[in-house]
Amino acid sequence: MNTFHSTRSNSDSLTAKQAIRKGIASDGGLFVTDALGEDAVDLGNLADKSYQDIAVEVLGKLLPDFSDEELRDCVTEAYGSQWSDSAITPLKPLGDDYVLELFNGPTSAFKDVALQILPRFMTKTVEANSTGDERVMILTATSGDTGKAALAGFADAPGTGITVFYPEGQVSEVQELQMSTQRGENVAVCAVRGNFDDAQSAVKRIFADHELSERLANDANTVLSSANSINVGRLVPQVVYYFVAYGQLLSQQVINVGDEVEFCVPTGNFGDILAGYYARRMGLPISKLTVASDRNNVLFDFLSTGVYDRNRDFFTTISPSMDILISSNLERMLYYVSEGDTELISSLMKELADTGRYEIPANLKTAIDDIFAGGWADEEQVKNAIRECWETNHYVIDPHTACGYHVMTHTEADPLTPRVLLSTASPYKFPRVVNESLGLDTPASDFACMDVLSESTGTTAPKALRALESAEVRFHEVTDIDGMSAYVESVAERLDTTSER
């Protein structure tokens, strides 16, 4: 059975369940397995399979200590009636290209694909845990979408609690209300004075705080885990939709088995596109993975130069979920392209922590160039992309997908290779930006903007988003970065007291 260890050392040897439960390695690295790609997916029958069947097959190869029955249970619960499209991630034509809709889940963002199933995975790890009565506290920093998707997935899930931090004033009105109105007895939401990178770095420090871990275990019977894509259980469900997209291209007779496909992926934390890299290692014929960034284009610069440098201005943009300068999942990609050189990865990550930058060796840059490309869009280009996509294709996209649309349409295409754009969120999560881009009215309320967008384009706002206007706000807390640890501890104590009643 393949085991998991840190990107920075080989000292750990964990099962998939243990890696999911722990979330992040003790040395701060991310869990990887050296068996990735040893067991390829059969492409020949993808066209005949449902999303659920493909998910069971792909996840079975990535999480080998989950039984087929366990995986089937998790998949059935995660990808059911809570999705507005039975295809889960439908593939649609977009001019000469294609768009893969990842936003048909309960929170209208691609994070639902992983965060509807992660709580089910976590439940299986709780069942396998010898102490049984121990609670897993999910701790997550969000740039906008992960928070709500995690809250929706973990709300009132047995044996768990969840605490979400988001940067104050740097998410959309709809995103903030999605989090602050969340129901559930085991949830907590707090704004942070700082940006997403500040919050995510603080969360990583909390995971590395062994004294805090001991207090949580002893005083509140709680262990910490993550719902960010640093958790391998959050990452691997995203691999599935790359195979699903390929299967739909086969079904639509766009390609034959073995033909190559390109993917263009809007990403800030590198998790969404890393899933495509995993799929490629598992046998999916991907010719190129293109990273689409916003004005915080640290990934574009890295792909162009081989130098990762977060010592730059941070921009709050109209694509807030991509406003990230520390792309955590890049570490996993570097591990694999370096052929498992944990000493190199540890050295690079230490250099990043100490100086805010690192430069990769030339051979790694060459290996990355063979697979990845990059581009970016500023805010004006994002707005133009939203307008152009509507005028050309009669298809409404959100500002994150628009970064990808801009990059894809400004990149020379191979007419023999289909291109798939990953659409990461409903445009109704950002109705003000979309309306401005389309030249529509922008009333004071985001919900009035939704109504204008719906009437003008003939599309329909997701019910859960439109209903936020009258939802009760439950969470108002704001903390400084250095207060996050104390907030987590107070939530754990509250949940422990509640469970004793």
Side-chain angles (χ1 to χ4, degrees), residues 3-6 8-9 11-31 65 118-142 147 150-151 153-165 182 184-190 192 198-228 230-234 475 477-501:
T3 56
F4 290 78
H5 63 84
S6 171
R8 305 180 191 181
S9 72
S11 57
D12 290 320
S13 183
L14 276 62
T15 67
K17 288 182 179 178
Q18 290 170 332
I20 289 171
R21 185 176 178 83
K22 191 169 184 180
I24 190 169
S26 300
D27 61 5
L30 308 185
F31 286 118
D65 57 310
L118 180 59
R120 278 79 182 183
F121 288 161
M122 200 67 72
T123 297
K124 302 302 181 185
T125 76
V126 171
E127 292 171 358
N129 178 39
S130 59
T131 59
D133 58 348
E134 190 176 60
R135 178 185 296 102
V136 177
M137 167 68 78
I138 304 301
L139 177 59
T140 292
T142 182
L151 289 163
F154 281 96
D156 291 329
T160 69
I162 178 167
T163 299
V164 171
F165 294 103
Q182 176 66 48
E185 294 301 315
N186 66 335
V187 305
V189 178
C190 185
V192 173
D198 297 329
Q200 180 168 252
S201 296
V203 165
K204 289 181 178 178
R205 289 194 296 272
I206 291 171
F207 278 117
D209 187 338
H210 299 298
E211 292 183 2
L212 173 62
S213 296
E214 287 183 9
R215 291 200 303 274
L216 291 175
N218 294 332
D219 299 340
N221 201 29
T222 296
V223 295
L224 296 178
S225 190
S226 174
N228 285 98
I230 56 176
N231 190 318
V232 69
R234 157 72 191 282
F475 300 101
E477 293 94 337
V478 183
T479 185
D480 293 323
I481 295 295
D482 59 10
M484 291 170 60
S485 180
Y487 184 84
V488 170
E489 200 162 2
S490 69
V491 172
E493 292 171 354
R494 172 175 64 80
L495 293 180
D496 189 53
T497 301
T498 302
S499 67
E500 293 174 355
R501 293 175 184 170

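All of these numbers come straight from a predicted model, not from anything done at the bench. For reference, positions follow the sequence shown, starting with 1.
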Worksheet item: Does F207 have any ring-ring contact (aromatic ring centres under 6.0 Å, His included) partners at least two apart in sequence or in another chain, and if so, which?
Response: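 F207 satisfies ring-ring contact (aromatic ring centres under 6.0 Å, His included) with no residue once adjacent residues are dropped.
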Worksheet item: Among all residues two or more places apart in sequence or in another chain, which pass the ring-ring contact (aromatic ring centres under 6.0 Å, His included) test with F121?
Response: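 With sequence neighbours excluded, F121 shows a ring-ring contact (aromatic ring centres under 6.0 Å, His included) to F66, given in chain and number order.
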Main-chain N/O of [Y] paired to [X] side chain as donor or acceptor, under 3.5 Å:
| X | Y | result |
| --- | --- | --- |
| S225 | R21 | yes |
| S11 | S9 | no |
| N231 | G233 | yes |

Hey, what do you get for [atom1] ([X]) to [atom2] ([Y]), rounding to the nearest 0.5 Å?
| X | Y | atom1 | atom2 | result |
| --- | --- | --- | --- | --- |
| M484 | C190 | CE | SG | 8.0 Å |
| T142 | F165 | OG1 | CZ | 12.5 Å |
| F31 | T3 | CZ | OG1 | 11.0 Å |

Worksheet item: With S485, which residues qualify under side chain to side chain donor-acceptor pair (under 3.5 Å), at least two apart?
Response: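 Not a single residue meets the side chain to side chain donor-acceptor pair (under 3.5 Å) criterion with S485.
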Fill in: S6: partners by side chain to side chain donor-acceptor pair (under 3.5 Å), with sequence neighbours left out
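Testing S6 for side chain to side chain donor-acceptor pair (under 3.5 Å), a comparison that skips the adjacent residues, returns D27.
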Which atom names give the shortest non-hydrogen contact between [X] and [Y], and what distance separates them?
| X | Y | result |
| --- | --- | --- |
| F4 | A19 | CB-CB, 4.0 Å |
| A227 | F154 | CB-CE1, 4.3 Å |
| A188 | V491 | CB-CG2, 3.7 Å |
| F475 | Q182 | CE1-O, 3.7 Å |

Donor-acceptor pairs are to be reported for all side-chain atoms of residues 156-163 against protein atoms at under 3.5 Å, with residues two or more places apart or in another chain.
{"residue": "D156", "atom": "OD1", "partner": "E185", "partner atom": "N", "Å": "2.9"}
{"residue": "T160", "atom": "OG1", "partner": "A157", "partner atom": "O", "Å": "2.9"}
{"residue": "T160", "atom": "OG1", "partner": "N186", "partner atom": "ND2", "Å": "3.4"}

Worksheet entry | Derivation of the side-chain contact (heavy atoms from CB on, under 4.5 Å) call for I481 and V192 | CA-CA 6 Å; I481 295 295; V192 173; 3.0 Å; yes
Heavy atoms, side chains only, cut-off 4.5 Å: are [X] and [Y] in contact?
| X | Y | answer |
| --- | --- | --- |
| I20 | L118 | yes |
| I206 | V488 | yes |
| L495 | M137 | yes |
| I24 | S226 | no |
| R135 | N221 | no |

Discussion item. I'd like to check the salt bridge (Lys or Arg N to Asp or Glu O under 4.0 Å) partners of R8; sequence neighbours left out, ordered by chain and number.
Written reply: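 If we apply the salt bridge (Lys or Arg N to Asp or Glu O under 4.0 Å) test to R8, skipping adjacent residues, the hits are E331.
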Discussion item. The criterion is side chain to side chain contact (heavy atoms under 4.5 Å, CB included); which residues satisfy it with E211, sequence neighbours excluded?
Written reply: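 Listed in chain order: D209, R215.
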Fill in: Evaluation steps, side-chain contact (heavy atoms from CB on, under 4.5 Å), between M122 and I138
CA-CA 10 Å; M122 200 67 72; I138 304 301; 3.7 Å; yes
Discussion item. For residues 198-208, which residue pairs pass the salt bridge (charged side-chain N to carboxylate O under 4.0 Å, His left out) check, not counting sequence neighbours?
Written reply: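 Passing the test, one end in residues 198-208: no pairs.
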